[in-house]
Every structure is written in C-alpha cells, then in structure tokens.
Amino acid sequence: MSTGPRYQIRHRTRFDYVTPVTQSNNTLHLQPPTFPLQRTLSSLVRVLPATRLTRFQDLYDNPTHHFEITKPHLSLEIDSQLKVENLPLVILDSDLEAGFDAINVPEVRDITWSFLQPSRYVSFPPPIWRTAVDLTKGITPVFEQARTISNWIHENFTYQPESTHVHTHLEEVYETRAGVCQDFTHVLIGLCRAAAIPARYASGYLYNGPRGTLIGSQASHAWAEVYLPKSGWVGLDPTNGTIADERYIKAAVGRDYDDVAPIKGSYVGTAHARMQVDVQVELA
Amino acid sequence: MFEGYGTDNFYDEMFLPDGSPRPFCQTLIERFSRIPEEDFATRRAACDAHFLRHGITFNVYHDQKGTERIFPFDPMPRVIPANEWDHIEAGLTQRITALNLFLHDVYHDQQILRDGVVPASLVEGAAHYRPEFRHVDVPGDIYIHICGTDLVRGGDGEYYVLEDNGRCPSGASYLLENRNALKRAFPTVFEGAGVRPVQSYPEDLLEMLHYISPHREIDPVCVLLTPGCFNSAYFEHCYLARQMGIPIVEGRDLVVRDQFVYMRTTQGLVRVDVIYRRIDDDFIDPLVFRKDSVLGVPGLMGAYRAGNVGLANAVGTGVADDKAVYHYVPKMIDYYLGQDPILPNVPTYLAAEEDDRKYILEHLDELVVKSTNESGGYGMLMGPSASKKEIEEFHAKITAEPANFIAQPVLSLSRCPTWTDGGMRGRHIDLRPYIIYGRDVRIVPGGLTRVALKEGSLVVNSSQGGGSKDTWVLSH
C-alpha cells in the first residue's frame, strides 16, 4: 500500500493589532494540489474570527482560499493542518542526461513558457545572464546545469535572516549575496531562466527528523523546480545545496513568491501589528 | 458458533453478502470459532460480573426498580480497517473544526446568519442558545472540547453522521472498560491482532484541560464537576476523574470569591483553573440560568466571563448540536472551510419548513421523528413500529410546535455479529467516536460501538435497552 513517508504539518499564523482593524482581505496558499509524487491525505484551514472561506484554483492549479473580515478585529489567526504522503524521488537516467533539444519541443514549451519569462521578483539583466552563461559553459545536460547553479548559490551566498524582507527583489540579493531561502530560490530561478532552463518557485515545508538541523525545517521553506522531459518538475534547494527529495512537502507552486505567498492580504488600520508564525512538521 | 448466521440483505460489518468473512475479519472469526460454546458462556458471564463488581453501571431515569444497571457488553468486537478509520478521522476533524468556527461566529459577529446560510431564527430560537455569552472570548477560541459524534453505516456501506453531542457527551469510560474486559476474558483473541490502543484517552483529556487553563500555570488545578450520584453517568464521572488524577467535585464544593473559583478542601480554599463540567448549562449557575438549581455554583459564570476559569465544554455549545441546526452542518463546512463534507449527514426534514412538514405529517409511519432539544432517545417516534395512538400524538405535537421536531428516513443500519440466546446473530450497531479538541484535534481510535440487542431494533441508546461492544481499529 503506502510506500513513502507521511507527514503531519501544522502551520499557524497569528496577527495581533494594537488597535482594531477593519476591511481585511486575504488570499491563502496553504492547501497543496496533488503532485505526481505528493498526495494530500487531508487539509483543513481554520480562520478566526470565523468568516466565510471561499476556494478556487489559481492559474497554476493551486487550491487557493480567500476571505474577508469587514468588522473591526484585534487579532487574526490562520491555522492550517495538513497531512500528506510523499513517494520517493526517482530521476530517470535519461532525464539526467537530457539536453536542451528534449525540452525545446512544442509539447514541453506549452507547459514551461511562463516559467521562462521574467516575473514579479525575478529578472535576468546582463550581469545575471553573464553568470548563468559562465556557470553552465561546457555542461550539456539540463539537470546538471541547474544543479551546478544551485550549488554555486549554496557556496557563494550567506544565509542571513533579517538581511532581506518578503518583497526583496532578486537583483538586490544578487548584489549583497545574502538572504534567506526565498531569496536564494529567486536567484536560482533567475539564473536558470537566463540559461533557458524552465524554473518555477515551490513553497512548502521541509522535514528533517525530529531534531531538524537543515535550514527551513521548522519554518515554511522555499526552493526551485526545473523541468525535465520525463520526470516533469524536479526540485533543487539552493539553501541547503540538495535535491528536493521526499523530505520536501510542497504547498503551492508558481512563477515566484508573489504567486504562492502562503498568506497575502491587506487591511485598513494600524501598522502596529505583531505577527507570530509557528510551523511544526512531524511524521504521521 | 456462527452456524445459521445470515446477513439478511443488511450491510454486515464482518461478512460479505455471500456469507464469507471480510478479509480483515478472517483471523478474528477463526479465533472465536475455536472457543467451545460452554467456555464462551463462562467468559461472557465473567465479563458481566467484572462490570458489576467494579460498579461500571449507569442509572435509568423514571425507573423505580433500582438505580444501577450494567451496560450489557457483547464480547464480539466491531472491527474497523485502517483506511476506513483514516476516512472517519478526517471527516470528524473537519466537522469539529467547522462546528467550533460556527459557535465562535454565532457568539460574535454572526456572519453566517447575516449571509443567510443558516437561518437566524433557528439559532435565536434554539433552546440551548445563550445570548448572554455573545462577545465573550473563551480560552483558545474553542467551544466544543469534547464531542461525541454518532455515526451509522447505511446499507450502501457509507458512514453517515447521525448527530453531534457537543454538550456533555458520555460513554467514554465504557469504551475504555470494554477494552479491559475483552482483553481479560479473551486474551487469545486480542493478542497480535494489530489493534490500536485506546488507553491514551484520559491523558489526552487532561492535556486538553491544561491547555485551556486561563492562567497557563505549570500545573493548573483541574476538577471534574458532577451533578452527583443520581446522575445517569455518575460512574463515568468518578472513573474519568480517577484516571486523570483530578478531584471530582459537586457544586457545593466550589465557591466563587472576587470572580475566582475556589474548591473547599481540608486545607482551606484552593483556586481552580479549569472545570471539566458534566452538568448542563441550565444547572451550572443559579444566578444566570435556572434559579432553582442547587447543583451549580453561584457566580461561576461571572468568573468564566472574567476569564478566570476555563470550562470544558464552553457554555452555549448546545446551539451547535441542536437537531435542526444539524441539517446545516454541511453548509457550515462549505462556508467556513471551503470544503465538501467528508462524512455526509443523514437526510433530514425540518418540520419548521412548510414543504418538509407536509411530507413528515403524511409519512409519519415511515419516518423517525425526533424532538430537537432532547437526547438519549427520549421524545422520539419510530414510525414503522409505532402504534396508531403514538402516531396521532406526534401528529398533534408537530402541528402545535413544528420548530421542535425533525424527521429522518429509517436507515437500514449496518449489522454486526452479536451473541444472542440463539447463537451469533446480526444486530444493528452505531459508532460514537470521542473527539478531543485542545491544542490539536485528537480522536481515540474507534469509539463506543452501541448495539441494539433486540432483534430488528434500531434503537441503541443505553437508556432504551442497548448494549455495547469493543471497537477495534486496525493499524496500517
């Protein structure tokens, strides 16, 4: 029956406002779609104060929740509970060796086109393009090129919380060579797209044993995925310099962070707010 | 032992329609068949003696014969395979989350009523709605901490939710003791069968009580508040208090000073942080609810409103387990969670709605009619088996007060082999899992399986002559 690990994830976010706020409108990306190697066993999103939660599929097939709270409120809590089952990652040998001719065919370009264009946080101005060309020179397989770029980021960038914020653009990170998983993922996506490798943003969670030491294991995490002709999207984690295997749990995918932000919204009221996030990933 | 056993066109929990055992029950049935019949009878008698000697009993109201009875125990367990349990667990978690969001909403801004998803009149008119508690924040924003949701399986093999018991559900002690009795009397049957344990229930319960302590001390003082030894579930109150290692108190043992609750002890007053109350809202505080209550604690609601004491369950949860509100639970799940219900409701007709009422009155002899604010099988009409006089009585009652009644079609409940005077025979069963909602949602694998011991009977309530079985959830 089941062959892969099962995980239980609890992702709680709480906002406390100093004075009551109103007109809160929010979009959530907390419930994963079904992926070839990841199945959602159950998912529950609870919003307090209680309000109507509507659900739709976004452009990239992610189940998306939306809600509004018009009445004055002092706090907002979003509590996501998720159970998923992952299958072990297997990359076919033919995919490890596949060159660009295999992904530059109409059927594949149909799927990958929007993941080769610039997007909200990702662009590839000349310096980035230059780096991409230099890093991939002499390497034919697409996957090998992407892995080389990912490892380069892992070795040359410094993980430094607080050095960036959620709206930091790739170009800024590229200058300072410091940031968090979200920033490294944007850099990897930018370099891949510059090298004509289709790349997308994956947001989710990482399980690394009861006492996880990998970065991002007790918070929400982000990594990039590149497209291979047979296996489809395969993840690379530039923050930890690894391939995203069955320890990685995807919540949503898109062009960059802007498409998949777990919680995105606005309200009318004080800017004095405190946000607390608590993520627990356990084996189920 | 299984000679002459037939499934009689009902969904049978253990046998396929062709008479062969369901694959996951094969070993169990073989093990039971190996026990000689006299031996089986002795072991059964030993179970009954065990229950009686340990005082595992309940009281029946309006019964003059004697106050204590044992809950008849049938040694043939009910078995739930792992994948079915996963389905039930996901469905119950979804449901309890939606019910708690509904209560939070109803006691705050009432968005769902404004949006017309649930009729406001239904909530405002519900017998257990407590408008006194609007805009009162409860610890953790949880209202129903302990819920006993009754599930039945129809002829199609699908599980349906029959009702939610979100006030003071009882029966968890029988679930624990049934397991003990079975293990003691039939150790060879139980051994190595891969049954998931249930013993964590009291621990989960206590952890939840600690979680809702308003003062977040290291070791909050929790107590169990009982109405006293004449309550039908008094045994259970004592049992759970003992298992959790917390004091059991009656109303007169508690006092309120400066909006804090204290317990009288031989060493003076001790402050109480959390009360697991097994006493209805109506009786809990004579200052707020029934003035004639001598079971409650005067001033308790003031302390609760001031946030100085946690209560499980919260006050006013009855509005969510109202039998008319039940009809709207699938809509709540859609509204608050944006999901389809995993466990469907039994189709329900509301006498308050004109079309439904007409249908009910015309089909009284085919339907089960229930009063919206009673539980335990009281105030109920079983259409197909009712006398003409009973039907006429209900006709008059429904016409007089339609809002108090709902009706459901008679379900062909699933059956499970049960020991009778004539050997193993199929008897109808239901399932009541116990959901604990604290830091997270925990459901003890299985629950209490109740069985209607009379042939053909569909009423499983202990007060109406039902029995119970041990419930086995198999591990993956």
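This structure is a prediction, so every number in the text was calculated from the model and none was measured. So you know, we letter chains A, B, ... as the sequences are listed, proteins then strands, and number each from 1.
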Is B:Q199 atom CD crowded by more than 12 heavy atoms from other residues, nucleotides or ligands, each under 6.0 Å away? yes
Working to the nearest 0.5 angstrom, can you tell me the gap between A:K71 NZ and B:D109 CG? 4.5 Å
Can you tell which of A:V45, A:V47, A:T51 has the highest number of heavy-atom pairs within less than 4.5 Å of chain B? A:T51
More than 12 heavy atoms of other groups within 6.0 Å of A:H165 NE2: yes
As an exercise, state the distance from CD of B:Q94 to OG of A:S43, rounded to the nearest 0.5 Å. 10.0 Å
Would you sort out whether B:T93 and A:L44 count as a side chain to side chain contact (heavy atoms under 4.5 Å, CB included), showing the intermediate values? CA-CA 8 Å; B:T93 307; A:L44 209 56; 3.7 Å; yes
Out of A:L53, A:D79, A:L48, which one racks up the most heavy-atom pairs below 4.5 Å with chain B? A:L53
For chain A, which of B:D115, B:L101, B:D86 has the most heavy-atom pairs under 4.5 Å? B:L101
I need the single residue from B:D105, B:I112, B:V117 that forms a side chain to side chain contact (heavy atoms under 4.5 Å, CB included) with A:R52. Which is it? B:V117
Identify the heavy atoms of A:H65 and B:L337 that sit nearest to each other, and give their distance. NE2-O, 3.7 Å
I'd like to know whether CG of B:D156 has more than 12 heavy-atom contacts from other residues, nucleotides or ligands below 6.0 angstrom. yes
Rounded to the nearest 0.5 Å, what separates atom OG1 in A:T70 from atom CD in B:Q111? 5.0 Å
Atom CD of A:Q276 with >12 non-hydrogen neighbours under 6.0 angstrom: yes
Give the C-alpha distance, both sets of side-chain angles, the deciding distance and a yes or no for side chain to side chain contact (heavy atoms under 4.5 Å, CB included) between B:E89 and A:K83. CA-CA 12 Å; B:E89 202 176 24; A:K83 273 188 195 162; 4.0 Å; yes
Search all heavy atoms of A:Q31 against all heavy atoms of B:Q339 and return the closest pair with its distance. OE1-NE2, 4.4 Å
